[in-house]
Amino acid sequence: MPTLTRKLTALVALAAASFCTQADAAEAQLRLDAAAPGPVINKNIYGQFAEHLGHCIYEGIWVGPDSPIPNTKGYRNDVLAALKNLGVPQLRWPGGCFADEYHWMDGIGDRSKRPSMFNSHWGGVVENNHFGTHEFLDLCEMLGIEPYVCLNVGSGTVQEAMEWVEYMTSPADSPMANLRRANGRDKPWKVPFLAVGNESWGCGGNMRAEFCADNFRRYNTFVKNYSDVKVQRIACGASADDYDWTDKMMAIAGKQMNGLALHYYTLPTNDWKGSKGVATGFAEDQYFSTLRNTLQMEYLLNKHIAIMDKYDPEKKVAMVVDEWGIWTDSEPGTNPGFLYQQNSIRDAILAALNFHIFHAHADRVTMANIAQMVNVLQAMILTDKEKMLLTPTYHVFEMYKPFQGATSIPVKLLTPDYAFKDEKIPAVSATAARATDDKVRLALVNVLPNETATVTCALAGLDAKSATGRILTATAMDSHNTFAAPDTVVPQPFTGSVIANGKLTVTLPAKSVVVLELQ
Ligand code: AHR
């Protein structure tokens, strides 16, 4: 598990400073410069993560073809439809910590004959391997998702990894490709992304960075490209503020890798050993601390990227934030090893703040994976037997779909503070981009729990006449969707914007996320 040193107060002040300029007035001012486009926001920033953990895969995605829950070839229909609508660009699997104890050959062939294994990391349950390589890659293919497969470096072998990649991607008349054919799949799948191990500094093998970097070079040598699609190889990256890890990985293996990972989880309390904080029923102290802590992503990225720039000034190596999101205490009454937590408007706001940070680093951060897709940590979807609900985080991902592949537009923001006790963070956050449909999108967040924020925007280089869009907001800081009331927090048409004399004025209700289309 990632650990985070306790320098937060100072760090957040710095993060806030680099995020925006502080204003004295209670209103925010924004300047958007449409004539000076920035880098493209890679669609893969909106990636997801599905691990063999709790009910993410089993019950969340996969119920098996014989289930009474309506399914298509074993995948539950309601979840398939929700994911299709979300436009998931890429999906990381099978872990997480699970990846470094996963042996892919146990998950192919006749399901009834697949051996079981003990899932030692997550809840101590028996994994029946019914969801394996074919089930994962077929899911991706059905939904138009690019697979991001994490190799087993911790307890696996180089041979096992190279054979897996041959199995998945080789079009040749070769042993592993023929085994795939014998298991019913003729054509190779496209697998554009490979992670070489997960958290090798911890659950992935407790390695030192030097050893991990050398291991990366070794795996990279033997894991081949079997088709003309060159597989992007992503090295295991640091936890949170472990800058030394990034330095060593870049120094030793920077020339060989296509991407370097970073894991940073937001904990309301920053306490990994005690209570991490609650998912619902929190007071303003945890609302504030959660958003303060998540803004640390900005500071962490600046520091890690500065190290990467030293070794790779041309920015050839991507920063891949392949685990992020809020991690709270598990829901009372659930298996604590299943990491099942509720998800509120606070968490949707947290997600939007992170999107804005990723957009601001689009020239280096080209992939990210929120943890996790269904029923685990900051999930998009929660299920309970045949029931399913979409979380506020699902809705915010859906609202930001136009930012996938959009060209960023620089914004300058002067924002009031959100002050709580003796600390403060910016009250408003903004990001803008020209989407692939050529329309400009502006996203705004007001983190203030009880106050409206008004944003006045100068639209340089843009002759917009109208601003239309949607808002996600709620009455309470912990408003969330339940199986009994699944539509408590859902996007609504937004009517709080007006353009007059070339200026856009937006009135943001308390704790809201707004995405506008400017035309
Ligand atoms: O996402 C849950 C776990 O968090 C992952 O398995 C691991 O990589 C991280 O510690």
Side-chain angles (χ1 to χ4, degrees), residues 15 18-19 33 35-47 89-90 92 146 148 191-197 200 209-210 212-221 223-225 227-264 297-324 354-369 403-411 431 433-434 436:
S18 64
F19 200 59
D33 200 349
V40 167
I41 297 164
N42 197 307
K43 66 176 183 179
N44 290 321
I45 283 174
Y46 288 88
Q90 50 91 7
R92 180 171 183 252
E146 294 193 310
Y148 176 20
V191 180
F193 308 110
L194 286 178
V196 181
S200 303
E210 293 87 341
C212 178
D214 276 342
N215 238 343
F216 178 88
R217 293 167 65 117
R218 197 162 67 103
Y219 274 74
N220 189 46
T221 306
V223 171
K224 310 282 189 225
N225 289 311
S227 70
D228 45 7
V229 182
K230 200 169 171 287
V231 187
Q232 303 293 301
R233 290 111 197 277
I234 292 145
C236 166
S239 166
D241 58 354
D242 186 354
Y243 307 118
D244 184 54
W245 183 275
T246 297
D247 200 295
K248 293 203 167 102
M249 291 299 290
M250 288 301 292
I252 300 168
K255 294 261 181 309
Q256 283 79 27
M257 64 178 73
N258 303 109
L260 180 63
L262 172 69
H263 288 182
Y264 174 56
M297 181 69 89
E298 168 76 7
Y299 180 83
L300 295 172
L301 285 178
N302 282 335
K303 294 273 282 186
H304 285 288
I305 289 171
I307 296 165
M308 293 177 80
D309 285 349
K310 193 170 73 174
Y311 295 98
D312 172 37
E314 291 171 356
K315 297 191 187 289
K316 289 185 181 154
V317 180
M319 170 113 274
V320 177
V321 189
D322 59 14
E323 288 188 30
W324 68 274
N354 279 279
F355 297 157
H356 295 193
I357 295 169
F358 297 152
H359 293 181
H361 293 281
D363 58 348
R364 180 69 88 175
V365 179
T366 58
M367 260 172 95
N369 300 75
F403 285 96
Q404 292 189 23
T407 303
S408 55
I409 290 177
V411 290
T431 191
R434 188 176 290 280
T436 52

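Just so you know, these numbers come straight off a predicted model, no measurement behind them. For this chain, numbers begin at 1 and follow the sequence in order. When reading the values below, keep in mind they use all heavy atoms of this one structure, side chains included, and skip hydrogens, waters and symmetry mates.
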Indicate yes or no: at least one non-hydrogen side-chain atom of Leu301 is less than 4.5 angstrom from one of Val321.
yes
Closest non-hydrogen atom pair, Ala238 against His304
CB-CE1, 3.6 Å
What are the two closest heavy atoms between Thr436 and Gly405, and how far apart are they?
CG2-O, 3.5 Å
Identify the two heavy atoms, one from Arg217 and one from Ala253, that lie closest to each other, and give their separation to 0.1 Å.
CG-CB, 4.0 Å
Could you state the interatomic distance from NE2 (His361) to NZ (Lys315), rounded to the nearest 0.5 Å?
9.5 Å
Worked check of side-chain contact (heavy atoms from CB on, under 4.5 Å) between Lys224 and Val231
CA-CA 8 Å; Lys224 310 282 189 225; Val231 187; over 6 Å; no
Could you tell me whether a side-chain N or O of Gln404 sits under 3.5 Å from a main-chain N or O of Ile45, the two making a donor and an acceptor?
no
Take Cys212 and Trp245 through the test side-chain contact (heavy atoms from CB on, under 4.5 Å) and record every step on the way to the result.
CA-CA 10 Å; Cys212 178; Trp245 183 275; 3.5 Å; yes
Is Asp241 close to Tyr264 at the side-chain level, that is, under 4.5 Å between some pair of heavy atoms?
no
Is there a side-chain contact between Arg92 and Phe193 (heavy atoms, below 4.5 Å)?
no
With heavy-atom distances below 4.5 Å as the criterion, would you say the side chains of Thr221 and Gln256 are in contact?
no
Spatial distance of atom CZ (Arg233) from atom OH (Tyr219) [nearest 0.5 Å]:
13.0 Å
Taking all non-hydrogen atoms of both residues into account, name the closest pair between Met308 and Ala318 and its distance.
CE-O, 3.7 Å
Spatial distance of atom CG (Asp363) from atom CD1 (Ile305) [nearest 0.5 Å]
7.0 Å
Candidate pair Ile252 and Asp214, rule side-chain contact (heavy atoms from CB on, under 4.5 Å), full reasoning:
CA-CA 7 Å; Ile252 300 168; Asp214 276 342; 3.6 Å; yes
Got Met257 and Asn220 here, is their nearest side-chain heavy-atom distance under 4.5 Å?
no
Heavy-atom closest contact (Glu146 atom, Pro192 atom, distance)
CB-CG, 3.7 Å
From Asp309 CG over to Glu314 CD, what is the distance, rounded to the nearest 0.5 angstrom?
11.5 Å
Between Asp242 and Lys248, does at least one N-O distance fall below 4.0 Å, as a salt bridge requires?
no
Starting at CG of Leu260, measure out to SG of Cys236 and round the result to the nearest 0.5 Å.
8.0 Å
For a quick check under 3.5 Å, do Tyr148 and Asp322 share a side-chain donor-acceptor pair by atom type?
yes
Taking the six-membered ring for Trp, are Tyr46 and Phe355 closer than 6.0 Å centroid to centroid?
yes
State, to 0.1 Å, how close Ser408 and Pro39 come at their nearest heavy-atom pair, and which atoms those are.
OG-O, 2.6 Å
Apply side-chain contact (heavy atoms from CB on, under 4.5 Å) to residues Thr246 and Lys303 and explain how you reach the verdict.
CA-CA 10 Å; Thr246 297; Lys303 294 273 282 186; over 6 Å; no
Atom NZ of residue position Lys255 - does it have more than 12 heavy atoms of other residues, nucleotides or ligands inside 6.0 Å?
no
If you define the side chain from C-beta out and look only at heavy atoms, does anything of Asn258 sit under 4.5 Å from Lys230?
yes
Rounded to the nearest 0.5 Å, what separation is found between the CE atom of Met319 and the CG atom of Asp312?
11.0 Å
Ile41 vs Phe358 side-chain heavy atoms within contact, under 4.5 Å:
no
Taking the side chain as everything from C-beta on, heavy atoms only, tell me whether Asn42 gets closer than 4.5 Å to Met367.
no
